Structure formats: C-alpha cells, structure tokens
**Student:** 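Shown below is the structure under consideration.
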Amino acid sequence: DGGITQSPKYLFRKEGQNVTLSCEQNLNHDAMYWYRQDPGQGLRLIYYSQIVNDFQKGDIAEGYSVSREKKESFPLTVTSAQKNPTAFYLCASSIRPGLWSGELFFGEGSRLTVL
Amino acid sequence: SQQGEEDPQALSIQEGENATMNCSYKTSINNLQWYRQNSGRGLVHLILIRSNEREKHSGRLRVTLDTSKKSSSLLITASRAADTASYFCATGGSQGNLIFGKGTKLSVKP
C-alpha cells in the first residue's frame, strides 16, 4: 500500500539533545513537507522540499534542519536550538511541487516531548 | 498572516443531524481545501474546491465557496459518531504555501 510512514510515533528528549524524525513515502511524490501542530492550533510549515537535494524554509524553520538526499525520504532534525520543541510533527507529500497544486497526503505524525 | 479561520471552534451535535462549519480567508485564492483529523492522527484530505467553482459534493459532504465574501462552508449531512474529528480548511499563501486554520472540533453523540 502506498503512503507516508513517520517514525517514531512517540519520542522523548532531554533538553539539549538533537533528535531526528523520519519520514518516508512510496507515493513517488516530488514534494514533501514538515508541519508542526500545537494543541488547539492549526498547522505551521517548518520546511518543504520540491525536489531532491533542494529545500526551503517555512514559517518556523529556526531550530530545525532537514535533508532531501532521496526522493522517498525527508528527515527532520529538531536541534537543541529549538526553544519549545514539544509538539506533534506531521510530514506530508504532494504529487507536484507547489503547495497550491493540490492535495497533501499526510503521515500519522510523531509526538515529541521534551523532558 | 494569510490564514483560513474556521467557525465555530467547537460543535456538538446528535447523530443524524447536519453539521455546518465555516471558513473565512483574507486574500484571493487558487483553491480551498478541507481536511479531517482524528485525535492524535494525521490529516486526511476531504475535498478541494477551485476558485471558479461555487459548490462541490462528495458523498455526505457539501462544500460551498463564495469568493466575494472570502468564505467557504463544509456541510456534513446525516452525521455519524464516526464523523467526530477536527476539520481544517486550507488556502494558498502568498509564498505558494498551504496555510491551515485552527480547525473546528466536531463531536457527534450517538
């Protein structure tokens, strides 16, 4: 079955540690995205990538880093520079680049808690 | 920031009733999308309506778009307990990004 797989589903981190969230898709989609969701809030865009080896900052990129070495994979690293990292992180993809072009397909999310 | 805002923030109804959620946005759009999110899960795309469309149907879902008022509504007819979820509208931002509202939390009681 085609889809987006995020792992881990739950992650606990001590302050000062970097953590990496995995996102893999087998939909053959060109574009991939990372969103952050806080309780009772909408989604805020962290980073997006329209093509392999290229990515752009979203609205809240500070304290995060990404890579796009393969079409299928778009990992997100939450660094120690992120002041308030506790949140629900969602990865998404779309068939074509350009977020206006159509629907996004989402993974099931990763919940990060900083202890 | 350019953003869709859903109204109401929360809605509680009985099974069988219709549920209507509204979305207002600030700038011109290419399309408007509605998504559903079950608690603790990812979002699922429900329907996309283009700026030149006024109404669209998908099963028990009916979406309308009024570009003159910069608003859209999502109607779920004959609601079921399984429709309990949060519903988000999303519109295109000036940077080509998709901006989500804060959502309407729908509770359908059996």
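Bear in mind that the values here come from a model prediction, so they are computed numbers and not experimental data.
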**Student:** Hey, which of Q41(A), R111(A), K9(A) has the most heavy atom pairs under 4.5 Å with chain B?
**Tutor:**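 The residue among Q41(A), R111(A), K9(A) with the greatest pair count is Q41(A).
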**Student:** Measure the spacing between CD of Q33(B) and CG of L48(B) and express it to the nearest 0.5 Å.
**Tutor:**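 Between Q33(B) CD and L48(B) CG, I get 4.5 Å after rounding to 0.5 Å.
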**Student:** Heavy-atom cut-off 4.5 Å, strictly under: side chain, backbone, both or neither for Q9(B) against chain A?
**Tutor:**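 Q9(B) has no heavy atom closer than 4.5 Å to chain A.
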**Student:** Do F74(A) and F55(A) have ring centroids that are under 6.0 Å from one another?
**Tutor:**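 No.
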**Student:** Rounded to the nearest 0.5 Å, how far apart are CD1 of I46(A) and CG of L21(A)?
**Tutor:**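 If I round to the nearest 0.5 Å, the distance is 8.5 Å.
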**Student:** With a 4.5 Å cut-off on heavy-atom pairs, point out which of Q37(B), E6(B), K105(B) contacts chain A the most.
**Tutor:**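 So the answer, after comparing Q37(B), E6(B), K105(B), is Q37(B).
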**Student:** Given that the side chain runs from C-beta out, which part of Q56(A) has a heavy atom under 4.5 Å from chain B: side chain, backbone, both or neither?
**Tutor:**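 Neither the backbone nor the side chain of Q56(A) comes within 4.5 Å of chain B.
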**Student:** How are the rings of Y35(A) and F100(B) set relative to one another: parallel (under 30°), tilted (30 to 60°) or perpendicular (over 60°)?
**Tutor:**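 Ring orientation, 0 to 90° scale: perpendicular.
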**Student:** Does any heavy atom of chain B fall under 4.5 Å from the side chain of L43(A), the backbone, both, or neither of them?
**Tutor:**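 Both backbone and side chain.
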**Student:** Would you say L46(B) and S58(B) make side-chain contact, with heavy atoms under 4.5 Å?
**Tutor:**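 Result no, sub-4.5 Å side-chain heavy-atom pair not found.
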